Number of protein chains: 2
Amino acid sequence: MDTVTKLEQFLSNLESSNTPNDIQTLVTSLRDSYGVTNAVYHAVNLDGAPYAALTYTPEWMDHYQEQKYVQVDPVVRGALQQFHPMDWKRLDWSNRGSRNFLGEANDAGIGNQGFSIPIRGPNGQFALFTINDNCTDQQWEVFRKEFLRDMLLISHFIHNKVVKIMLPDGNRAQTPLSPREADTLKYLAHGMSRTNIAGKLEISEHTLRVYIDSARHKLGALNTVHAVSLAYTKGLILL
Amino acid sequence: MDTVTKLEQFLSNLESSNTPNDIQTLVTSLRDSYGVTNAVYHAVNLDGAPYAALTYTPEWMDHYQEQKYVQVDPVVRGALQQFHPMDWKRLDWSNRGSRNFLGEANDAGIGNQGFSIPIRGPNGQFALFTINDNCTDQQWEVFRKEFLRDMLLISHFIHNKVVKIMLPDGNRAQTPLSPREADTLKYLAHGMSRTNIAGKLEISEHTLRVYIDSARHKLGALNTVHAVSLAYTKGLILL
DNA sequence: CATAAATTCCCCATATATGGGGAGGGGCTA
DNA sequence: TAGCCCCTCCCCATATATGGGGAATTTATG
């Protein structure tokens, strides 16, 4: 079975996946067809909720959840600041929490080699697609060279499908912001005060307040900080 | 020349690209090898600055810049809210600004067909990779089916390279936030008041203030809104 | 052309955030 | 073990933001 066929097969299976269970099956068959120890799709943030389809043991997952490892896991922390797929060897495992985590992960049968692909979507979506294996550095390098591109595509398509399944109404029309409102929120995000922004936009501070208020109301935000973070994650403003 | 070779050739050319000029040349040769009307890499936000490598005419680019079309362009607005490559036909061209923009774009020789791939990186990076052409819907559909995957990979690798070139110190160590600081900023982003957050974290409001203050100082933020938006874009907190 | 939305201006009172201090206990690391 | 960072608590005074009103002109939209 050559490379193209593996990817083709995955994409064709993905096409006919319509439930969370299908995705789980898909990830398992992905692990088998590429001959690795584990394959993991982990949506760290999908409109506030997490979601995962993976081949780790349920025990390890429960443990991970209970210990709130998502906040400590160097893979997650690293991926949040990276764009390119990230090899686990290049992460910082120096502090105690990480070492502890690493030890427990090894005990849970997770491979010594691995890379994780960060996936970013609108609305603050953040997910990871991870492949890991037990093998030598050389073997791993060969795998990486051969399949990294497949994995990039797989990570993209699997996330796209998961969003479709988990957030069927995710494509609802967005609350539009008026140009002035968008400007206002942008400058607020930059840390400017009302007085400064009003000066920059050459309007009175009273007027500026109207924009902040109307943006808050449009977005259903509880306060200004909320409005700014909503507008940014929803892709309504550019920083 | 078959598909694999085109992509391979691009990636090999990319490997040896080390300056903005190289990227420009690369995009031009990309357009030629895939036989389309235009190829565009447009970093809308690269640490606050824009950057573009494209095959549009300089006149159109100047016009685009002068008119601040980035704020009106339905392609940009749409891509900000999408994950998957977005066909231009599926955008909303109904309002006056968009129609006007479309007319001028046609006059500038931009193809009637096109799709744009949104690219999201850490630090609020947002870029678009666009391919457009003059052809029928059917021809376009064929092109899309055949080359969409290539384009996804190209968009990923070109962005990765541009960031390396334009932000060579982009991989500097991030200001770490303590767990309490990160929690605090996260809840602030959710729109909670100090009083509520203090209650949730079961600490006094005074203590909470210390976290906000120290986070502000660590991030070099001008105020709380700024601190939250910095922490989020830098990947230091999960919403 | 009628209606809606955007943009601009203003007042008053209260709630909340910020800036400047200070202080003690506990844990990790060199 | 010494030093650094984290976590927790407190005071005072001032600056800034919010919530509740109201109203005009211009610009888009159907």
Side-chain angles (χ1 to χ4, degrees), chain A residues 71-72 92-101 173-185 187-229 236-237, chain B residues 71-72 74 92-101 173-185 187-229 236:
Chain A
Q71 294 175 25
V72 190
D92 177 18
W93 299 93
S94 63
N95 72 57
R96 177 174 298 192
S98 296
R99 278 197 306 271
N100 186 31
F101 174 74
Q174 293 285 357
T175 318
L177 292 177
S178 78
R180 285 306 219 185
E181 288 162 353
D183 283 344
T184 300
L185 294 186
Y187 292 131
L188 283 172
H190 290 350
M192 290 173 70
S193 71
R194 289 178 169 190
T195 316
N196 287 338
I197 300 174
K200 182 146 197 163
L201 296 179
E202 296 181 300
I203 54 176
S204 78
E205 199 170 335
H206 299 283
T207 302
L208 191 83
R209 272 194 52 193
V210 176
Y211 298 144
I212 301 176
D213 290 352
S214 64
R216 253 208 325 271
H217 288 127
K218 279 184 182 175
L219 295 165
L222 297 167
N223 54 41
T224 305
V225 183
H226 197 200
V228 170
S229 91
L236 300 172
I237 55 170
Chain B
Q71 294 176 25
V72 190
D92 178 18
W93 298 92
S94 64
N95 72 57
R96 177 176 298 190
S98 295
R99 278 197 306 273
N100 187 31
F101 174 74
Q174 292 287 357
T175 318
L177 292 177
S178 79
R180 285 305 218 187
E181 288 161 353
D183 284 344
T184 301
L185 294 186
Y187 291 130
L188 283 173
H190 290 350
M192 291 173 68
S193 71
R194 288 178 170 191
T195 315
N196 287 338
I197 300 173
K200 182 146 198 162
L201 296 179
E202 295 180 300
I203 55 176
S204 77
E205 199 170 333
H206 300 284
T207 303
L208 191 84
R209 271 195 51 192
V210 177
Y211 298 144
I212 302 176
D213 290 353
S214 64
R216 253 206 327 270
H217 288 128
K218 278 184 184 175
L219 296 165
L222 297 167
N223 54 40
T224 304
V225 183
H226 197 200
V228 170
S229 91
L236 300 172

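The model shown is predicted, which means the values in this text are computed figures rather than measured ones. Throughout, protein chains are lettered first and strands after them, A, B, ... in sequence-line order, and every chain is numbered starting at 1.
Rounded to an integer number of Å, the gap from A:H226 NE2 to D:dA17 P is 19 Å. Between the CD atom of B:E202 and the C1' atom of D:dC9 there is a distance of 16 Å, given to the nearest Å. To the nearest angstrom, C1' of C:dC9 lies 14 Å from CG of A:D213. As a whole-Å value, the separation of B:L188 CG from D:dA17 P is 15 Å. Atom CG of B:N223 is separated from atom C1' of D:dT16 by 10 Å (rounded to the nearest Å). Computed from coordinates, the A:E181 CD to C:dT7 C1' distance equals 10 Å when rounded to whole Å. The NE2 atom of B:H217 sits 10 Å away from the C1' atom of C:dT18 (whole-angstrom rounding). Here C:dT8 presents its P atom at 8 Å from CG of A:L201, a figure rounded to the nearest Å.
The side chain of A:R194 contributes no N or O atom lying less than 4.0 Å from OP1 or OP2 of D:dA15. Checking the phosphate oxygens (OP1, OP2) of C:dA6, no side-chain nitrogen or oxygen of A:R180 falls inside 4.0 Å. Considering only side-chain N and O atoms, A:R209 lies nowhere under 4.0 angstrom from the phosphate OP1 or OP2 of C:dT8. Between D:dA15 and A:S193, no contact under 4.0 Å exists linking OP1 or OP2 to a side-chain N or O. Put simply, B:S178 has no side-chain N or O that comes within less than 4.0 Å of OP1 or OP2 on D:dC5. Taking side-chain N and O atoms only, B:Y211 has no distance below 4.0 Å to OP1 or OP2 of D:dC6. For B:S204, a side-chain nitrogen or oxygen approaches OP1 or OP2 of D:dC9 to under 4.0 Å.
Mapping B:H206 and B:L177 onto DNA chain D by nearest heavy atom places B:L177 at the nucleotide closer to the 5' end. Mapping A:V210 and B:E205 onto DNA chain D via the closest heavy atom, the residue that lands nearer the 5' end is B:E205.
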- Task: I would like to know whether A:V228 and B:V228 meet side chain to side chain contact (heavy atoms under 4.5 Å, CB included); could you show each step before the answer?
- Result: CA-CA 9 Å; A:V228 170; B:V228 170; over 6 Å; no
- Task: Please report the C-alpha distance between A:L185 and A:L236 in whole Å, then the side-chain angles of each, then the deciding distance to 0.1 Å, and finally whether the side chain to side chain contact (heavy atoms under 4.5 Å, CB included) criterion is met.
- Result: CA-CA 10 Å; A:L185 294 186; A:L236 300 172; over 6 Å; no
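Contacts of A:R216 with the nucleic acid, taken as non-hydrogen atoms under 4.0 Å apart, involve only primed sugar atoms and P, OP1 or OP2. Among the heavy atoms of the strands lying under 4.0 Å from A:T207 is at least one base atom, whether or not backbone atoms are also near. No contact: B:S214 has no heavy atom under 4.0 Å from any strand.
Taken to the nearest 0.5 Å, the OG1 atom of A:T207 stands 11.0 Å off from the CD1 atom of A:I212. Once rounded to the nearest 0.5 Å, the distance linking CG of A:N196 with CD of A:E205 reads 9.0 Å. Residue A:L177 holds its CG atom at 9.5 Å from OG1 of A:T184, rounded to the nearest 0.5 Å.
The listed nucleotides are C:dA6, D:dT8, C:dA17; the one nearest the side chain of B:I203 is D:dT8.
Shown here for A:R180 and A:I203, the closest heavy-atom pair between the two residues is NH2-CG2, 3.7 Å.
Going from the P atom of D:dG22 to that of C:dT7 covers 22 Å, rounded to whole Å.
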